[in-house]
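These notes concern the structure reproduced below.
Quick note on labels: first sequence line is chain A, next is B, and so on, each numbered from 1. Side-chain atoms are counted along with the backbone in the values below, which use heavy atoms only and exclude waters and symmetry mates. As the structure is a prediction and not an experimental result, all values here were calculated from the model.
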Protein chains: 2
Amino acid sequence: MQDTTTQATKRAATTNRSRAVSADLIAVVIAVTNGEPRVLTIGQADALPSGPFELGHRSLQSGLRAWVERQTGHPLGYIEQLYTFADRDRIGDERVQISISYLGLTREEQAERSPTHGWRGWYDYFPWEDHRAGVPSVLPDILMPRLLVWTDEAEDMNMRRDRRQRVAYAFGLDDRDWNEELVLQRYELLYEAALVAEATRHSDDGSPLSVSGRPMIADHRRILATGIARLRTKIKYRPVVFELMPPAFTLLQLQRTVEALAGRLVHKPNFRRLIEQQDLVEETGETVADTGGRPAKRFRFRQTVLAERAVAGTKLPLSRA
Amino acid sequence: MQDTTTQATKRAATTNRSRAVSADLIAVVIAVTNGEPRVLTIGQADALPSGPFELGHRSLQSGLRAWVERQTGHPLGYIEQLYTFADRDRIGDERVQISISYLGLTREEQAERSPTHGWRGWYDYFPWEDHRAGVPSVLPDILMPRLLVWTDEAEDMNMRRDRRQRVAYAFGLDDRDWNEELVLQRYELLYEAALVAEATRHSDDGSPLSVSGRPMIADHRRILATGIARLRTKIKYRPVVFELMPPAFTLLQLQRTVEALAGRLVHKPNFRRLIEQQDLVEETGETVADTGGRPAKRFRFRQTVLAERAVAGTKLPLSRA
DNA sequence: CATAGTTATACTCACATAGAGCATAAGGAA
DNA sequence: TTCCTTATGCTCTATGTGAGTATAACTATG
C-alpha cells in the first residue's frame, strides 16, 4: 500500500494526466442600492461574470478582477474567496473543469444600462429569503406545502425523518427561529425537492412543477446562494458593510443596508447603540434634511478601524442563535 | 471595452491557454492524541500529504481522500475545504499550479510507525501558539524583541505605525488579549520579519538569523497555519471536536482536547456547564477510575446532534473577543 | 399657524450569558 | 487516617442583548 517513492517522484509521474484541467474564475459581485441588494450579471442571460484563469494573470484574485472589469467595466474593491469545486458534469470527460468562486463587494456607481451586464436584485433569485416585510407569501403558500409533500415522498422512514428535520431546521419550523444564514441549505433543499427550475429531473412525468425564483445559468444560482450566505454571516463579525456604503451616510441608511443583506429588520435603538459603542463611525458634521423627519447626522466609516481591526470583530444586532 | 460575445464563445476562445493548469490537492489532517494536537506528514521531510487532481477522481474531496489513503494508509472522516491558491513561484512559467487545500479530522488509531508518514505535534511547527502553560518563552525572549526591531526597520513612518499595530493586534500587546484564532496572521508577520526559516530573503547578509519553529516544505507551514486557524475558529460554533474524540470519553478528556486545539486553558466548571446544557453528550453509564481522583463518568457524543445541528451551533467557553 | 406625521436620538429595564470563584463528593496513595 | 487529586454542583457578578418608552426636530397639510 504505502509505496516508498517520494512526493516529488510521485508528482512528476502523474503530472501528464493532471494537466488536463482548466480553471474558471466566477464572481459574485454585490452592491446595495436604495436598500436593495443587487448582484452583477452579464449578457442577456442570468449569468455571473466569469472567465478562465490564464497564464497572464498574476494571481487568482487579479485574474478575477480582470475578467469582471473586462465583462462589465466595473472595478472591484473588496473580494474574498468563496469556494472551489470541480464541475460534476464534466468529470469523466476528457477535460476537468475547476471553478473558483469569489465574493466581491462594491457600490453601484453609474447606473449605466448596458447590454453586456446589469444589476439584478438578489431577491429576484431568492424570493423566499426576504423577510423584511414579514414571512414572504411564497413560503407558506407554495414552498412549505410542496416541501412537506417531498418529505413524505421518501420511501424509507429514516429518510423521511431526516428530510423533515432538515426542512424544519432550514426553514425555522416548529419552535425554531428563522436563521437567515442558511441560504445555501435552503436552496439545496429546494433543489432536491425540484422546486427550483435548475432541478429539471422531476419534469420527466410531464407535470409542470411550479418552481420558485428566477433561475440562473448552470449552477450560478447555487454559487450566488453561497455568496449571500457568506455575506450574511460575515457582516456579523467583520466591518464589511462599509464596502457597500457611500463615503458618507446616515445611521438609518446603514441600518437599511444591513437589513437588506440580512433579509430581516433590526431594532433601531439597539443597532445605533452597537454601531456607536464600537467606534466604527464618526460624524462628518453635516446633516441631511431629506429624510421626511428630523434631520439626520451624517457619518463616515472610521478608516483607522480597517487597520485596528483588519481582522478583528464587529457586532451587529443579528445573533447567531 | 465591453465586447458583446457571449460567455460561451468567450470561454471556448480562451480554453487553449487556460488548459495549461494543474491542480494539486493538499491535506491538513489533524488528530489529537494524549492532549497533543498532531498533523499527518509524509516522507522523511516535513510535508503535508498531497497529490494532483486526476481524471479518475470523482470529486475534489474523493481525490483528496484517495491521495491521503494512498500515501498514509489513513482513511479520512470529516473534511472541509480550506483555501485555493495559485502558486506564485510558478506563475509566469509555462505551467500554472493551483493548490486546493483541505482540513481533515480523524483519530490517530494505530500508532504504527512508518517510513512513509508520521504524526507530528503541531506545536513543533508553531511553538509560539501554545499558551496552555502560560505565555511560551519564545515569545518574550526571542520573537517579540525581533518583531519590534522589524517594526522599527521600516523607513516610512506610516509603515512603521502600521507594522506596530499589526504586531500589537496579532500578538495581543498593550491592553489587548491574546486571540488564539490569529494563527495565520502571526505566521505571516513572522514570515515578513524573516523569523521563520521559510523566509530566507534576509539571509543574504550572511547573518544566521535565528528562526523559530520547525519548518516545512514549500508553503506547507502556511497551509497548516490556515488549517489550525480554521479549526480554532470552528470549534467555537460547530460540534467538530467530536470528530477527534474516541467513541467514549470523560468530560476532562474532552476539555483537554479543546484546550490542546485552542492552545489555552478553559474554566472547568464553565466548560462542563456549556457542554451539558447543550445536550451534546450523554452518559454511557460507565465510569473510569484511572484519573487519579474521583472516578469520572464516561460520555458519548449524541449522534442525533449531527442531524439536529448539522449546521447549527455549539458553544465553547472561548469567546471571540 | 397649529397639528399630524415622520424620523432622529436618548434612556430604561428585564433577562440571558459568560467569567470567575467556592464547596462538596469520591476515589487513590502515603 | 490524612492528604492529594479529580469530579461535580452551586453561587455571584459583570456584561450584553432584546425590547420598549420618551423626547427632539424637522416637513407637510389643513
Quickly work out the [X] [atom1] to [N] [atom2] distance and round it to whole Å.
{"X": "A/K236", "N": "D/dG18", "atom1": "NZ", "atom2": "P", "value": "11 Å"}
{"X": "A/Q278", "N": "D/dG16", "atom1": "CD", "atom2": "P", "value": "10 Å"}
{"X": "B/Q255", "N": "D/dT5", "atom1": "CD", "atom2": "C1'", "value": "15 Å"}
{"X": "A/E286", "N": "C/dA8", "atom1": "CD", "atom2": "P", "value": "16 Å"}
{"X": "A/Y237", "N": "D/dT17", "atom1": "OH", "atom2": "P", "value": "17 Å"}
{"X": "A/F271", "N": "C/dT7", "atom1": "CZ", "atom2": "C1'", "value": "15 Å"}
{"X": "A/E276", "N": "D/dG16", "atom1": "CD", "atom2": "P", "value": "16 Å"}
{"X": "B/R298", "N": "D/dT6", "atom1": "CZ", "atom2": "P", "value": "19 Å"}

task: Answer with base, sugar-phosphate or nothing: what part of the nucleic acid does B/L251 contact at a heavy-atom distance below 4.0 Å?
output: nothing
task: State whether B/R294 places a side-chain N or O below 4.0 Å from either non-bridging phosphate oxygen (OP1 or OP2) of C/dA25.
output: no
A/K268 vs C/dT7: side-chain N/O to OP1/OP2 distance below 4.0 Å: no
CG (A/N34) with more than 12 external heavy atoms under 6.0 Å: no
- prompt: Is the CZ atom of B/R222 crowded by more than 12 outside heavy atoms at less than 6.0 Å?
  reply: no
Among [options], the nucleotide that comes nearest once only the side chain of [X] is considered:
{"X": "B/L252", "options": "C/dA8, D/dT6, C/dG21", "answer": "D/dT6"}
{"X": "B/H267", "options": "C/dT9, D/dT17, C/dG21", "answer": "C/dG21"}
{"X": "A/L274", "options": "C/dG27, D/dC10, D/dT17", "answer": "D/dT17"}
{"X": "A/N270", "options": "D/dG18, D/dG9, C/dG27", "answer": "D/dG18"}
{"X": "B/R272", "options": "D/dA25, D/dT8, C/dA8", "answer": "D/dT8"}

query: Angle class for the A/H131/A/W178 ring planes (parallel below 30°, perpendicular above 60°, tilted otherwise)?
result: parallel
- prompt: Is there a side-chain contact between A/L254 and A/F299, using heavy atoms and a 4.5 Å cut-off?
  reply: no
- prompt: What's the shortest heavy-atom distance between B/R232 and B/E180, and which atoms?
  reply: NH1-O, 2.9 Å
statement: When A/R273 and A/K297 are each assigned the nearest nucleotide of DNA chain C, the 5'-most assignment goes to A/K297
